[in-house]
A.B. asks: 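Input: one structure, supplied below.
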Amino acid sequence: MRPRSTARRALAAALALALLAFPALYGCAPQQQETAREDAVLLGFSQLGWESAWRIGNSLDIQEAAERAGVQLMFDNAQQKQENQIKAIRSFIAYQVDVIAFAPIVEHGWDTVLQEAKDAGIPVLLTDRLIVTDDPSLYVGYVGADFLEEGRKAGRFLIEKADREGLTDLKIVELSGTLSSSPMQQRGEGFRAVIEGDERFEIIETMSGDFLRSKGKECMESMLERHEKIDVLYSHNDAMTLGAIEAIEEAGLVPGEDIIIITVDGEQAAIDLLQEGKINCVVECTPMLGDIIMELAKKLAAGEEIPRVTNPEERAFTEFDEDLMDIPPRGY
Ligand code: GYE
């Protein structure tokens with residue numbers, strides 16, 4: 001770890017406080033700075049926004065994990081803008097943090113700022129989402145879900161459902177996440193890879209709801225108006241699904257029965273609807289990445305190697321599960 005002066009530590013703490021754009025939304029943001037020890041690892045974290053319960057759960061988990069691990073956290077929320085993430089990363093470089101971690105809102109456009117971090121000798125950890133770059137040395141590792149596998153799980157559930165119930169001629173609509181984000185790309189790809197070539201299934205439309213509940217509702221309303229027959233909704237996150245379910249019910253249809261609903265994430269509200277029969281399958285994507293991030297940040301600060309990819313263990317919850325009513329509280 002590079003030596004740091006007390007003056008720099010004080011400056012870093014001041015910057016961190018300035019970076020905390022909306023502490024009231026967290027209610028717990030600045031304490032890390034007060035309790036941080038002089039020799040603590042300094043981690044700059046750029047969160048991409050506030051678009052979903054998943055994201056809020058993820059931010060809280062990271063802040064609590066930093067506290068537990070004694071890591072000093074400079075946390076910035078980019079309000080859904082890549083340029084804000086780039087600015088935050090530049091601030092972290094200017095303050096010579098030990099490690100930078102960030103959740104990239106989209107896949108492309110990071111090379112310049114990551115080259116700056118590399119030139120400054122600061123290791124960068126990708127969390128939650130991936131980037132596309134020609135230079136893999138621009139980041140040291142990724143911790144987050146396997147989105148392709150999530151898409152495949154969604155497809156496998158649909159096949160199981162059709163097999164068990166003898167369903168054919170299923171018209172599918174897809175609500176995709178933020179365009180050009182890695183979960184949007186790969187959840188779509190994994191799903192297609194599994195159902196492709198099976199004549200029982202046809203994706204009739206894909207619309208991006210940007211991972212937002214409000215847009216999920218709007219998109220579903222417009223698809224219900226334009227298509228006479230919709231049998232399946234595959235939605236890339238729970239927030240959009242919750243909005244879409246409102247639209248389905250307002251149209252006088254029964255979610256989970258008239259339309260098979262497959263969603264990704266696993267927030268409590270979605271699990272509740274699965275238990276009520278309004279959702280048929282929830283593919284888990286955990287936001288609880290904080291402890292792993294802190295462990296990896298400490299290793300990086302100590303100059304140790306870390307795995308290139310760390311995927312948390314995840315499952316799918318479906319209407320066919322025997323333990324459907326015993327799913328432990330999700331915590332977000
Ligand atoms: O599924 C969604 C969130 O990047 C995995 O982003 C994350 C996704 C998550 O807004 O709810």
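Every number for a ligand or one of its atoms is a count from 1 in the order of the listing. Since the model is a prediction, treat every value here as computed from it, not as a measurement.
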A.B. asks: Who's touching ligand 1 if we go heavy atoms under 4.0 Å?
C.D. replies: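 For ligand 1, the contacting residues are Glu51, Ser52, Trp54, Arg55, Asp128, Arg129, Phe147, Pro183, Arg187, Phe211, Asn237, Asp265, Cys285.
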A.B. asks: Mind running side-chain contact (heavy atoms from CB on, under 4.5 Å) on Phe157 and Ile260 for me, showing each step along the way?
C.D. replies: CA-CA 11 Å; Phe157 167 77; Ile260 298 164; 4.3 Å; yes
A.B. asks: Could you tell me whether Glu199 atom CD has more than 12 heavy atoms of other residues or ligands within 6.0 Å of it?
C.D. replies: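 Count not over threshold, so no.
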A.B. asks: May I have the list of side-chain donor-acceptor pairs in residues 240-255 shorter than 3.5 Å, sequence neighbours left out?
C.D. replies:
residue, atom, partner, partner atom, Å
Thr241, OG1, Ser235, OG, 2.8
Thr241, OG1, Asn237, O, 2.8
Thr241, OG1, Thr263, OG1, 2.7
Glu246, OE1, Lys217, NZ, 3.2
Glu246, OE2, Arg213, NE, 3.3
Glu246, OE2, Arg213, NH2, 2.8
Glu249, OE2, Lys278, NZ, 2.9
Glu250, OE1, Lys217, NZ, 3.4
Glu250, OE2, Lys217, NZ, 3.0

A.B. asks: Can you name the side-chain contact (heavy atoms from CB on, under 4.5 Å) partners of Lys87, sequence neighbours left out?
C.D. replies: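 With neighbours one apart ignored, the set is Asn84.
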A.B. asks: Suppose the criterion is side-chain hydrogen bond (donor to acceptor under 3.5 Å, both in side chains): which pairs have a residue in residues 288-307, not counting sequence neighbours?
C.D. replies: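 Non-adjacent pairs meeting side-chain hydrogen bond (donor to acceptor under 3.5 Å, both in side chains): Arg68-Asp291.
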A.B. asks: If I take atom CG from residue Leu48 and atom CG from residue Asn77, how far apart are they, to the nearest 0.5 angstrom?
C.D. replies: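 Those atoms lie 7.5 Å apart.
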